[in-house]
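Proteins come first, then strands; the chains are lettered A, B, ... in the order of their sequence lines, and each starts at number 1. All values derive from a computational prediction rather than experimental measurement.
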Amino acid sequence: MAEEKERLEQDQREKPMSFMAMVVITGLVGGILWSGLAYLAYVFNFTEIRPNVILEPWTIGAWKEGWLGTLISILLIGAISIVAALIYYAALRKFQSIFVGAGYGVALFLLVFFILNPIFPGISPFWDLERNTIITSICFYILFGVFVGYSISYEAQEIRGKTEDEKKARTDPDLT
Amino acid sequence: MAQRKTKEDKTPIFESVHEIEKYMKNRVGLGESFDLGVRKLTILRKDVHFYYINGLTDTNYIIAIIEGLVGINDSEKLSANLFKIIENRLRHQSIEHIKTMDELVDQVLSGLIVVVGEGEGEGLVIDVRSYPGRTPQEPDTEKVVRGSRDGYVENIIVNTALTRRRIRDERLRFEIMRVGERSKTDVAIGFIKDVANKDLVDLIRKEIKAIEIDGITMADKTVEEFLLKQGYNPFPLVRYTERADVAAAHLLEGHVIVFVDTSPSVIITPTTYFHHLQHVEEYRQSPAVGTFVRWIRFLGLLASVVLLPLWFLFVLEPSLLPERIAFIGPNEETNVPVIAQLFLADVGIEFLRIAAIHTPTPLSTAMGLIAAVLIGQIAIDVGLFVPEVILYVSLSAIGTYTTPSYELSIANKILRLCLLVAVAIFHTPGLVVGLTLVILLLASIKSLNTPYLWPFIPFSPVALTQILIRRSMPGSKIRPSIVQTKNRYKQPVK
């Protein structure tokens, strides 16, 4: 019996990372990864929008157009993505479908391209954009939404399952 | 399933050995099939028979057993309790009592011998099996420079033994069951009891027990199709291995392994996309070298999927290219559309691959030579192909071969052709939307409750680092969370 108890204690998985830390890292990595890929898409002219547009509202040196500007833009987008991830965490984490994440991505796209559009002089008004630019941007936003949304939902579901398991383990003596 | 019901009818073993013989003649074809035989002995004036299949039993053991049985006549006087005496005299460690004719037939057809005696109403099963088979060899599909060279064979007993040799843990379990109404193939689920996720083991056990089919001659593949129901999705949802060390490593990580008799490959579950990109070789080299190999492999994978559609897009729309690499794209005019060239070249390579599978080795060397040297060059000379087509098709073909999982490499090839078609029709949006859809599709697949693109989507920072960087063994203390193991720690944490 003593051995059994010991094993049960072992069963309790120690979380290597808290949920909140995971959400923040997911947002950061998601932002950096997808805006990095978006920069690649810009290099190959799939889209006319480069990550640097995020620096344009500020009048700072000419470096913002160079590689340093690109790098800082990508990191900045990563930071902003943390906020996006936190919003998803607060509002939508209980949905498990990946389409919720995709929908979240589309919502972010609409937000940036319609409502926040005036902030970025680098992004032309929506109806003046090229077809390729719009399609590529939507795809990146959807992928970002799925990346952040599905990750957070999955983790939330895991944690829910785990607490249920533990509850079961406490009440059900057969479960060793 | 009416037939099945009657089969499960438990006819007890007849008291009279002649009744049993009659049953065997009527039902199993004793006297008709030449491989089934009966040996009749008389021991202390009582009839004792045993049944055997002549190719699956080891004659030396049987001779020794007969010697022991016949010896009873010289040393014993009383025939009361004859069966007790016989059991005592059987020179073998593995003896089992059975009560029904059904079991008797099953056991005999599996290659064991069953001893029955006049007036006893039960049988003694003796395991004298000796299946035809090869000795463990290095599997062709998973070669390594260093490391063990023994691979699984077609015999489930040898396979579980090879695994047990690597994990002598008291908690390692091999649960055996029979699948197939007619073939009665042995299928075993291997897992470590306090590590593997119990729900997963239960699920796999339930699914395997639910299989109702006459035979599973294609062994593990058939079991996989029943287990996962993947339809026409080309991506492999389980990983196969023929290496005992790979299977043992996965057992220790908390995976569940399914062994199927008559097949040298075993099923590893649950599996994600990234499991198909790992190879033993990475773990046999130092972590730095392993990481390097892995990154090159990822590049090969990217090349096999994206390179060809991307180049084709640049051919269609040269304006997309940044100035520095504007030289890419065919310089000469051709009569054949590039998309047709790409498909012809890719299908040509596929011809070669399919042909190489069933061509004897000496011939396939010659075939490779013809293909590589002659066809490509001549196709350029006659103006069928642009040289660049050959270059990019070959690169992506080599990328395909760097994928360690054969199943995944073919799925990627299909994916590449689909992307090519999408690019041909829709140009840039075709590629971008195509890739997005593929990622979404892969992310939405769940193989035995495991997201297929884990740890990328859903994102798991720790696990993804372990995939991008091959960690050293002393540094990896935690089992991957995806198997939802009961015991997370491989090593005590100090």
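Heavy-atom contacts from other residues, nucleotides or ligands closer than 6.0 Å to CZ of A/F99 number 12 or fewer. Summarising the local packing, CH2 of B/W295 is surrounded by 12 or fewer heavy atoms from other residues, nucleotides or ligands at distances under 6.0 Å. Atom CZ of B/F426 is surrounded by 12 or fewer heavy atoms from other residues, nucleotides or ligands within 6.0 Å. Summarising the local packing, NZ of B/K206 is surrounded by 12 or fewer heavy atoms from other residues, nucleotides or ligands at distances under 6.0 Å. Other residues, nucleotides and ligands contribute only 12 or fewer heavy atoms inside 6.0 Å of the CG atom of B/N449.
Using a 4.5 Å heavy-atom cutoff, the side chains of A/E155 and B/P458 are not in contact.
Taking CD1 of A/I135 as the reference point, atom OG1 of B/T436 lies at 10.5 Å (rounded to 0.5 Å). Taking CG of A/L143 as the start and CD1 of B/I457 as the end, the distance is 6.5 Å to the nearest 0.5 Å.
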| query | B/F459 and A/Y150: ring-ring contact (aromatic ring centres under 6.0 Å, His included), yes or no, with the steps? | reply | CA-CA 8 Å; B/F459 184 57; A/Y150 192 41; over 10 Å; no

| message | Let's go through A/L33 and B/F456 carefully: what are the C-alpha distance in whole Å and the side-chain angles of both, what is the deciding distance for side chain to side chain contact (heavy atoms under 4.5 Å, CB included) to 0.1 Å, and is it a yes or a no? | response | CA-CA 11 Å; A/L33 174 74; B/F456 174 50; 3.6 Å; yes

| Going through the distances and angles, do A/F44 and B/L313 end up as a side chain to side chain contact (heavy atoms under 4.5 Å, CB included)? | CA-CA 11 Å; A/F44 286 117; B/L313 180 64; over 6 Å; no

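Of all non-hydrogen atoms in A/I98 and B/L440, the two that sit nearest each other are CD1-O, 3.6 Å.
Residue B/L453: no heavy atom, backbone or side chain, is found under 4.5 Å from chain A. Using a 4.5 Å cut-off between heavy atoms, B/L437 does not touch chain A at all. Proximity to chain A (any heavy atom under 4.5 Å) is shown, for B/L320, by both the backbone and the side chain. In this structure, the portions of A/V146 lying under 4.5 Å from any heavy atom of chain B include both its backbone and its side chain. Of the two parts of B/L464, neither the backbone nor the side chain holds a non-hydrogen atom closer than 4.5 Å to a non-hydrogen atom of chain A. In this structure, chain A has a heavy atom under 4.5 Å from the backbone of B/S319, while its side chain stays farther away. Neither the backbone nor the side chain of A/I152 has a heavy atom closer than 4.5 Å to any heavy atom of chain B.
For the set A/V29, A/I142, A/I138, the count of heavy-atom pairs under 4.5 angstrom toward chain B peaks at A/V29.
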